[in-house]
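Below you'll find the structure, written out as structure tokens, and then a few comments.
In what follows, every heavy atom counts, from backbone to side chain, and hydrogens, waters and symmetry copies are set aside. Numbered from 1 within each chain, the chains take letters A, B, ... in sequence-line order.
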Number of protein chains: 2
Amino acid sequence: MLMVTMKDIAERAKVSIATVSYVLNESGNVGEDTKKKVLEVIKELNYRPNLIAKSLKMKKTNTIGVIVEDMTVFNAPNIIDGINENAEKLGLSILLTNMRLEKRVSNNPNDPDLVKPIIKKIMDELVSKKVDGIIYVGLHPRDVTESIPETDIPILFTYCYTTKQEHCAINYNDEQAAYEATNYFVSKGHKKIALISGHIDSMSSHSRYSGYYKSIKKHNLLFNPSYIKTGDWRFDSGYSLTKELLETKDLPTAILAMNDQMAIGAIRACNDLGYRVPDDISIIGFDNREFGAYYSPKLTTMSLPLRRMGLLAIETIYHLISGSPTDCNKLKTTLSCELIERDSVCPPTGLF
Amino acid sequence: MLMVTMKDIAERAKVSIATVSYVLNESGNVGEDTKKKVLEVIKELNYRPNLIAKSLKMKKTNTIGVIVEDMTVFNAPNIIDGINENAEKLGLSILLTNMRLEKRVSNNPNDPDLVKPIIKKIMDELVSKKVDGIIYVGLHPRDVTESIPETDIPILFTYCYTTKQEHCAINYNDEQAAYEATNYFVSKGHKKIALISGHIDSMSSHSRYSGYYKSIKKHNLLFNPSYIKTGDWRFDSGYSLTKELLETKDLPTAILAMNDQMAIGAIRACNDLGYRVPDDISIIGFDNREFGAYYSPKLTTMSLPLRRMGLLAIETIYHLISGSPTDCNKLKTTLSCELIERDSVCPPTGLF
DNA sequence: TTGTATGCGTTATCAA
DNA sequence: TTGATAACGCATACAA
């Protein structure tokens, strides 16, 4: 493949390579005439700079390596979309690596002995490719410290975090989200609000429980332990736990489920037991998954700020690699979630 | 940032740079002792090759530029997942560009005057980055010829295509998919099968209609024009068109919807009019979207071979850039879809 | 204002 | 079996 270089431009324009470089980078003082001439030839020969050569010289690639634990998980596309959006604005390229963690080590994505060598290999590759920084996009919010090898390259975590001081992490605020969801129930007049939690060993579960609890306390509502059920994030657990909830004496009028799958499981359980949603029981989900909008009733849910996390991630790493020292203070950032009001919540009817 | 180079290795091991290169690439004949010594130093200094320098020298980056029209659209993540999987096997890196077409020019993603300059800019960037090839991932299956600028780099299209001879395109077989879906209805005993089509100007709509028609003819079924309805891909059109269908004299016993949104719109319409799915009316959707699995009944649907398209795309471009001439024959490839049997289809009851 | 020359970290040719 | 050395395309210090 033919490739036109600065040398070709120089010869054709009868100037030196340096001059070509000057007009290309608008460095140095180039006379108007020569400049014009050079520009002409550049256009004429359809010159495209060789960024590989430039990178070698400058020791800077303007490229960010993005490691995503699993591309096909619902959080990834929107985070990457955000990364891309600001990357373009900042003149950064994205070198994407998809670990396909879910498929590769589906049983235990948290086993460092399994995962660390994979990440190490990917990072070595990125080091060799001379990326200026790395963004690591997690599968779900959790501590990945043990799986991350040492590295000199600036690295930033999103949708996960490490306990290391020097590691940036951008996440959303689980506690605030659950707090506001619960507040929303209260604002509609609910006093008996149940909670269907995710796995008990999940960080998100803890934080969301905590937000729920704070709201209950703040509004001086009775905290009823039998309203707290622990599921496993899946439809079936939402379904069966809701059935348990509806078989007790003192029925709740509202259920906060920690994800949308369990939320629609809850709706189904209500329906199967003859309760209507939201008329008899109100339900809020989490994650704002697509299917919630197509369900009947349309699911009210907490939306995660995925795109904004991506936007902020790339922006932050940009500052990091540009050596702005100020950013080192707010290393751990957390963004707010937003309630999507749809049709699965209404005031309690007072029937029970 | 400290960076250890071959020169450092050479000095430390008391050999020449060339020798280091020889052992690194296993080229040339290097004595066992020197080899061992060099390898030791490499490990000791934790040497990582500079692929930028190598690329400059070799005029090959082993990097594929992936341009995706919209990352957040349902087809993209699985295609990219497939691309990544084989990219890793083939030693290729992925430079990802997300056009965010849906957001940028939401009204008219097909207007070349709007889109072509955007693509041109992205391609110039990829040319400068010296990618060895380009994969272009479309928003939906259609002819994008007019939006694609000329380029010297090997380029391959997936989830879209061009009319140019020299352009590879990997897509799925819409006609086969609709043909098999209709056959499936017939195999269950259905004779009165309605079709809810997508936009009439869509290539997919045409092909799927054609597959439907072939199946009807093949089984000597009566082709009833009033069973053909044209929607706009959205839930609401599936809903209202199904209502129209159910208000005619001669009710269909089965409905093939050209996507999952319209399919669940159809289910809802059936329910609202007092028909049960699948007992009274069977329904098949298209695309195997996630929400179909959570619907009630679980939606039987045609699954698109997205991951396989990605796998094949990167494999094909690999052959293209390796200069295998044999692949030029089968430039336009089409992959089969697969029916996902769930709960929205059963034999007709014979009530109408 | 413009040109010469050096080096970025590799690979590869040619000599030794 | 090894070592000098010249590219690869670009940016830049320094000279003119």
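- For N25(A) and dA11(D), the shortest distance from a side-chain N or O to OP1 or OP2 is below 4.0 Å.
- One interatomic measurement links the two molecules: CE of M58(A) to C1' of dA13(D), which rounds to 14 Å at whole-angstrom precision.
- Between K89(B) and E85(B), at least one side-chain N (NZ, or NE/NH1/NH2) sits under 4.0 Å from a carboxylate O, which counts as a salt bridge.
- Both V15(B) and V4(A) lie close to DNA chain D; mapped to their nearest nucleotides by heavy-atom distance, the more 5′-ward contact belongs to V15(B).
- Scanning atom types as modelled, no donor and acceptor separated by under 3.5 angstrom connect the side chain of K57(B) and the base of dA12(C).
- Around atom NZ of K60(B), more than 12 heavy atoms belonging to other residues, nucleotides or ligands sit under 6.0 Å away.
- In this structure, E44(B) does not pair ionically with K37(B), as no charged nitrogen and carboxylate oxygen lie closer than 4.0 Å.
- Contact check, Y22(B) against dT13(C): no side-chain N or O comes under 4.0 Å of OP1 or OP2.
- At least one donor-acceptor pair closer than 3.5 Å links the side chain of N98(B) to the backbone N or O of M71(B).
- Contact annotation: S27(A) does not reach the phosphate of dT12(D) (side-chain N/O to OP1 or OP2, under 4.0 Å).
- Shown here is D33(B), whose CG atom has no more than 12 heavy atoms of other residues, nucleotides or ligands within 6.0 Å.
- With rounding to whole Å, R48(A) atom CZ is found 13 Å from dC10(D) atom P.
- Rounded to whole angstrom, the span from the NZ atom of K14(B) across to the P atom of dG3(D) amounts to 12 Å.
- OP1 or OP2 of dG3(C) has at least one side-chain nitrogen or oxygen of S16(A) nearer than 4.0 Å.
- Ring-centre distance between Y159(A) and H140(A): not below the 6.0 Å cut-off.
- Distances were taken from every side-chain heavy atom of A18(A) (C-beta onward) to each of dG9(D), dT4(C), dA12(C); the shortest belongs to dT4(C).
- Between N29(A) and dT1(C), a side-chain N or O to OP1/OP2 separation shorter than 4.0 Å is present.
- Comparing dC8(D), dT10(C), dT2(D) against the side chain of K59(B) picks out dC8(D) as the nearest.
- Dashed line: the shortest gap from a side-chain N or O of K54(A) to OP1 or OP2 of dG9(D) is not under 4.0 Å.
- Along DNA chain D, the nucleotide closest to T34(B) and the one closest to Y47(A) are compared, and the more 5′ of them pairs with T34(B).
- Counting any heavy atom pair closer than 4.0 Å across all strands shown, M6(A) reaches sugar-phosphate atoms only and no base atom.
- Residue K130(B) contributes atom NZ, which lies 17 Å from atom C1' of dT10(C) at whole-angstrom precision.
- For A53(A), counting side-chain heavy atoms from C-beta on, the closest listed nucleotide (dT11(C), dG9(C), dC10(D)) is dC10(D).
- Neither OP1 nor OP2 of dC10(D) sits under 4.0 Å from any side-chain N or O of S55(A).
- Listed pair S21(A) / dC10(D) fails the phosphate criterion, with no side-chain N or O lying under 4.0 Å from OP1 or OP2.
- Regarding I9(B), its CD1 atom lies at a distance of 12 Å from the P atom of dT11(C), rounded to whole Å.
- A straight line from NZ of K7(A) to P of dA11(D) spans 16 Å, rounded to a whole angstrom.
- If you measure from atom CD1 of I17(A) to atom P of dG7(C), you get 16 Å, rounded to the nearest angstrom.
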